[in-house]
Amino acid sequence: MRYSQKQKGNKATYKWPARMLQRNYQTTLRIIENAPFGIFVVVKGGNIDYVNPAMLKITGETYGRFLHLNVFKLSTFKDIGLAEKIKSGLQGKYFKIDAAEYTSYYSQKANILNFVGIPLKEAGEEKVLVIVEDITEQKQTEEKLTKINTELKRLNQIKSDFVSTVSHEFRTPLTSIREAVAQVLDGLGGRVSTEQEELLSIAMEDADRLWKIANNLLDISKIESGGIELKRTLSDIGEIIKNVGNEFQGHLRKENLSLKYILPDKSVTLFIDTVKITEVLTNLISNACKFTEEAGKITVEVKDKKKNVEISVRDTGKGIAQANIPRLFDKFLQFGHTAEQKEKGSGLGLAISKDLVEMHGGKIWVESKLNQGSAFTFSLPKVSSEIIFKEYIDAEIREALDEETGLSILILKIADFDNLDGLLKKISAKEVLIDLEENVKKVVRKDNDIFLRDTGECVILLYGTDRPGAKIVKHKVTEAVRRYVHDFQKKYKFLLKISSSVSVYPEEATTSEELLLKARVKLADIFLASERRLHLRVAHKIDVRFMQETGKDEGMQSVDVSEGGICISCNHYVKIGTASELVFTLPKDLGTIRVKAKVKWVKKIEETNEYRVGLQFFGMSNKAKKALNKFLESGEK
Amino acid sequence: MAKKILIVDDEANIVKLLKNRLKKIGGYKVIVAQDGQDGLELARNEKPDLILLDLMLPKLNGYKLCRMLKFDQKYKHIPIIIFTARAQKSDEKLGLEVGANAYITKPFRSETLLTKIKELLKD
């Protein structure tokens, strides 16, 4: 049923359904009387004219009692604001009340109801039709779910705490057991007979096993409680794989297994936590060894895909039954408790590997057929250098927070870096940046990190430096840069423009975003100030039509024009930031230029009514740019 | 002459095992204290060549003990290796701040410990 049809006075704006209902009174009545939602009609004065069976069912009132109610007089309606709304409804306003706690007057039944009010006028009389939806059960279910959820979270926490405590408690005595057995085996307790050695080796083996289980449990509980933080660095995945492989060499020889690597030609660098990924690889290769018979082959392959890198560990072992694959990465499950199995584990290795891979934003999966071997593959996403950079700074900020020290960022930017290669013939832009870094290194502390970015920026992270310290460093660096620029000009006959800017944590910013932004914003200020001199300015009087947002169209005269903007002479003040469209015709048939511009500055000429208004172009078409440049270069006045 | 090592740790089993290994493999003389107070006294009276110090100690904790020795002209030359089950970075930095010469997390491999001890005793 659509509630929102409007009625203009007495005339319905829709004719067909109204006529149908008028003709089919019985049908209409049946519809209303059998509707599953409550309906009642309120007339002027607050009395109730009509109520349908559903409303009576919802409220638990009888027909006679409900009709007795007055909407404006009873707290039942006043307390939930329904009285107010109905009042406005009688004045022609539609209304809606959501999730009101309604307690029926006579029956005292409590419900949670949605109300929709529709103003009506019938036979000259104002009425309000109220449609009622009972959401009591829905709300009760929601509440139950919330309670269950909270309880589940609590139980989960208890479980995690338990696991963590237990594994801790296991580690201490296990340490003593392993050390004591090791000492006897090492001969510290006197000569050991072969039989003693055998018996003790069994003890050692199982003590080791318990040790691994306790550690795995601890890992899992740490991961679950979010206690593991990735320490990412740029690492060569090939190197990591080879290191893990080397650790297995002894074992491989003993079991007569071969391990082969298939790596792409170009080395692949990823921003990952080396320790954690080593753990994953160790687990996968260890599993491969476990489930592969003598003379078997294990292959580790790295595939460099566009957005991520896939690493597979393949074996020629017994494989896994299809039925077991879905729960392979679950905790505490292990398959093949048969005599063939050479080693037993805790069943947590794959679960932990899955968690570690997913923490990196990757995925892990397996392809396997019984007796045909298995291939475990995990993917690691390639991360943009921007993200790496920000994460690095975030990590440093966290450390500064831990140690309650400051962190400052000093940014040096080489102006016009993109074009530098073209302007310098004997040296590349990149080399200039690297040179700059070398010079800076000489004056900053060795433990500060310096990043070079291909936007021509040299970013220096000053650890443990607060504002006064940062000022001092900036001064030293600026001096070093000045010397460098001086020497550079002598050598290459080119004047480098390098600007610097500092922002300090925590005085000026508390996140890496803010810190970088503040540093860059200050950089921008430096730029803008000198920008006015950067552009080639040509004084030229052109007639400019200045069309403001307000629709005003004025004819002005320009004072000078540059590729970045235009300065015009105006006989009234113009607000800074005003955007307008400019139209002007260049001489020598270079065409008419239409361009959007923003008012950047306004200066009043002393003792006159004249204002100089500086406008910056934006969104100029390439064609217009060319024409303008041609004009500027022509040197026309 | 055999070097003297002082172990200050309240976990009896670990201490016994450690003492055994140090004596038999390293050939060191070993004295033991089970709480911080005793440890401080022994350090001052016996003047060991090296101290193995646990952090979680009754009566006087490891950090304080370390600082007290390191800020005392008479004893600051004694190398101290701190070991503890806690492995937070802040603990490590704090340890080095109070003057510890090395920091090892429990459980450690005894070979690692022996190597570190040898290193510190060389100078």
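In what follows, every chain begins at residue 1, and chains take the letters A, B, ... in the order their sequences are listed.
- Residue B/K16 qualifies as open at atom NZ: its count of foreign heavy atoms under 6.0 Å is 12 or below.
- Of all residues spanning residues 28-51 of chain B, none has a heavy atom less than 4.5 Å away from chain A's heavy atoms.
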Solution key, residues 54-62 of chain B side-chain donor-acceptor pairs under 3.5 Å, sequence neighbours excluded:
unit_1: B/N61; atom_1: OD1; unit_2: B/Y63; atom_2: N; d: 2.9
unit_1: B/N61; atom_1: OD1; unit_2: B/K64; atom_2: N; d: 3.0

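- Residue A/K354 places its NZ atom among 12 or fewer non-hydrogen atoms of other residues, nucleotides or ligands, all under 6.0 Å distant.
- Here the closest heavy-atom approach between residue B/L17 and residue A/S176 is recorded as CD1-O, 3.3 Å.
- The local environment of OH in B/Y75 is crowded, with over 12 non-hydrogen atoms from other residues, nucleotides or ligands closer than 6.0 Å.
- Rounding to the nearest 0.5 Å places CD of A/E179 at 8.0 Å from CD1 of B/I14.
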Under the side-chain hydrogen bond (donor to acceptor under 3.5 Å, both in side chains) criterion, do B/E11 and A/T172 qualify, and how do the steps go?
-> CA-CA 9 Å; B/E11 275 177 69; A/T172 313; 4.9 Å; no

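- Contacts between residues 181-198 of chain A and chain B, defined by a heavy-atom separation under 4.5 Å, are made by A/A182, A/Q183, A/D186, A/L188, A/G189.
- Summarising the local packing, NZ of B/K70 is surrounded by more than 12 heavy atoms from other residues, nucleotides or ligands at distances under 6.0 Å.
- The side chain to side chain donor-acceptor pair (under 3.5 Å) search around A/D206 returns none, not counting sequence neighbours.
- Environment of CD in A/E358: crowded, with over 12 heavy atoms of neighbouring residues, nucleotides or ligands closer than 6.0 Å.
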